[in-house]
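One structure is given here, and the rest of the page talks about it.
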Amino acid sequence: MNAKCVGEIMIPLGLFPVVPYWFSLHQALAQQEDFEAKRSEHGPLPWLILVFSAQNQLLGIVGRREILKGLEPGFSPKQLGRASDIAIPLQFDITVYRLSFSEETALKRLRTQMGRPIVEFITPIESTVGYDDHPLLAIYVMINLNLSVVPVVQDGQVVGIVNAEDILRGVIGDIT
Amino acid sequence: MKEFRSFEWFKGLFGVSQAKRLATLNRIQEKYSIFKGLLERHNQTLKAISRVEEIWQKQQTLGLSALYEEFVKIQEGMTGVVDGMVSLGGEAYLPLKDVLVERTRQIETSFPSSPSVPHDDLVIPFAQLRADRANSVGTKNAHLGELKSALKLPVPDGFAISAWAYRFFLEHHQLQDRIARLMKDVRSRQYQHLELVSEEIRELVGRREIPGELAEAILTGYDRLTSENPGCGVALRSSALGEDATYTFAGQYQSFLNVGRDDLLARYRDILAGSFTPSAIFYLFQHGLSESGLAMGAVCMEMVDAVASGVVYTRDPLAPAGDYVVVNSIYGLGSYLVEGIITPDEFHVSRDTGKVLFSRIADKRVKLNPSRSSGVVETAVPEADRLRSSLDPGILAILADYATRVEGHFGCPQDIEWALSSFGRLFLLQTRSLKFPLHAPRLAPADKEDAKVLLTGGVPVCPGLGSGPVFVIQSVEQAAMVPHGVVLVAPNPSPMLIAAMHNISALITLVGGNASHLATLAREISLPTIGGLSAASGLSPGQVVTVDAAAGIVYEGSHAASPVAEVPVSASIPQAAAGDNATEILGGISRLTLIQPTDPNFTPQGCVTYHDILRYVHQKSMEEIYRILRGTAHKDSISLRLKTKIPLPVNIIYLDRGSLMTSRSSRKISEDDLDAIPMKAFWQGVLIEGWPSQPVPTDLKGFVAVIGTSMQGSRPAEFSEVSYAFLSKEYMLLNLRMGYHFSTIEAMTTKEPEKNYIRMQFKFGGAPLERRIRRVWLISELLRLVGFENSSQGDFLDSSIVYLDQQETCNRLTLLGRITILTKQLDLALGTDARAQWFLQEFVEKLKLKKGGG
């Protein structure tokens, strides 16, 4: 059995939006819009923004979840003002949240956060897989580092992204 | 000794020796000093050229007189500029010297050469004189001969003492070389000691006897002239070669009235010596005439026992289209009129009917008459005659007839001296071309009262009046699309505007003065132009305005020029007798043909005028200093590091101070200590935008240059982060390395706008070419909005702006600092044209950019 290598399953880098680390969230999201068309053209692609250093080195990856997670403190109860005098840390409680929620304040806070640098939202790159590696190696990385995508490196340079769904489809396809 | 050598060897291993550092520093500082001096000389020379154009345009009557003096100064300036260029750029620019010599020779040949003196009779009767003998006897004599013989008009009898007679006198006393040497001394000292030299020459001439042969010829001529009235006085007047033709020599040479036989030779000698008065020598040089060609003829004619004398202009200088002649008249001899001692009667006499159309009788208190012995005497005019017309209508009609015939004969308006004898006979004493002052059209006084002033305060660049709808361009690149007949508002005085200038009615530039390349072009085509009127950016496109360029005013609506100014200068009214020569000379000096540096003809040989040479040197000097500074060896060892919170290492090399660099005690300079004006301004922009430090990647080795290679398939540009700034108080050359792109920002920010410029070049990037091109487009669009001229090719952008005042230059530099930070690495993100547009809009709002302003 000759399983496909990671490089054959990966999504080429050019299909993802890339931004420098100092871009604001607002600028990065705008960038993401440009790739909506590409996403529908190439079938389902993961919603990702790749963030690069001044040396054009891949610093990290930002997905929707990372963005929402980064923004969440902006509209969580302890940040909403009404509950700011509560001394003890709040446990997750939707009721408390509902009570203290003000759409106007929350949106205002959100808007101010759009100027934050994208680098604050990234999941830093901790590991990569090689272009010729077996896809299961990528699965191993993902499970151990709690990732859904991993950068693929060829000749010392990042050339694409491989995601868990594609690997699964590829590997299961091979088994069956 | 051995130890010392070892130490040197040790030092060599770890750094550049102090001596080498000093030598490097000295070399670039010296080059910078040459560059600065060159820029200064360039500027001064360009101003001198502008002055010449202005003189010529405002006072054509001065014509060549002011031109030669300026030409000499400009020539000296040009030599300095070309020498400076060779010092700065080296032998490669030596051909410029030959080009300058050749262009100078061409201009000099355009100045009318001193007339050569043909061998002729010493004394020639008027009857034998015609216009073509002017080279022998001077124009005044020749014209009198023409009036007498060709037109059969009444001219007192007389004879010419030829220019050859003057030569004969000089050669007889062997004075020519001595005079030439003295005159040369005057020229080389630039008119200093003029009076001393003049006195010396006049003494040389004045104490010499008139040679026997010449004296005999003159006295024989006199005897023949006065045969019917022995012993009577004659008028002896100068008639220099060229006088009254190309040049007026007005008031430079002497005339004597009522000269008797006994005084004749002495007065003739006075006339010869009079050709070397300080003002006459000065005048001679101003006209580019050499002393070797100087030749003085003399008119010797019967005195007219004048009851009235005066001048007739065949055209009214203030209204040349008027169909009348202008007669000025006083009692007695005409000297008091010419010298302005007496206000004359003035008459306008119809050219067609001879009728008096207008008369203004002046109070003529005194008159001048020949004395009984010799010379002239002033007498009081009887009370009853003072307010009486000095001429009756019949004489005025005859005078008008004579005048129009003379004008017809010579083919251009004339300025004629005349006298009315006590026998009631009219005589013509002299005729010469009438000089017209050039009136630049101005707003008619009536219109001026009604017209609403929209803007004032610009610099008049080229006088004139033009009206039409306002058309605003943001960049000179739009010049080609400017419609016909508009008043064009352009951001800066770029010579590239020439594409539009022939079609428009007036031009306003938001910046710039009257010493720009464009100013020359505007004056060349007489386009009403105002410079430096920044408020013009507020004019609404399509709004009809009238530009009064001489006053630097913009009026609302369309208004007419004043009637005087509307008179077209027709072919029959030459602007000045010297016009053709001056136009040619001015062309050789100030015309600009070398405009585009990318033109293959942008070479020393391509410079066909002085202005071209200046343009070429200006461009090349900037390129050379750029090349020299960028190529500086071991820059690190002579630089100071800028202490800043911005993560951008900048090494600074001072071009106008030495001690800082050689001291190892402090190799750092803080932002607060930056005193280079352009760098401070630029850095202010960098600080406004700021630059966040980047987090350190976990594994640098694995993730290099992804975008550059994988997406484009070519090697990325080299990554570098150390920038260099070469600074002086008013100059900056900043080589900015910002990762994968570099930009070079060069700026001069002096108090003289003519010297100021900013030039930015931008290249490379880390992203694929198409994205880098989008970034270049984005930057050029931003810069275009604030008046920069851009040229780009691929991912290379070359952008510049000139002639802004110091504050405006600094404002643009601050803006460049902000744009530099805003657009770093932006190429990565410019995946689509729409995204580039999106960022453009975002930056325009952020930077608060408006049309045409900073």
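Throughout, protein chains are lettered first and strands after them, A, B, ... in sequence-line order, and every chain is numbered starting at 1.
- The nearest pair of heavy atoms linking A:W22 to B:I821 is CH2-O, 4.1 Å.
- The local environment of CD in A:E120 is crowded, with over 12 non-hydrogen atoms from other residues, nucleotides or ligands closer than 6.0 Å.
- Summarising the local packing, CZ of B:R641 is surrounded by more than 12 heavy atoms from other residues, nucleotides or ligands at distances under 6.0 Å.
- Heavy atoms closer than 4.5 Å to chain B are found nowhere in A:Q154, neither backbone nor side chain.
- Across B:L828 and A:Q31, no two heavy atoms sit closer than the pair O-NE2, 4.4 Å.
- Other residues, nucleotides and ligands place no more than 12 heavy atoms under 6.0 Å from the CG atom of A:N146.
- At least one side-chain heavy atom of A:Y21 sits under 4.5 Å from a side-chain heavy atom of B:Q825.
- More than 12 heavy atoms of other residues, nucleotides or ligands lie within 6.0 Å of OH in B:Y626, so this atom counts as buried by the packing criterion.
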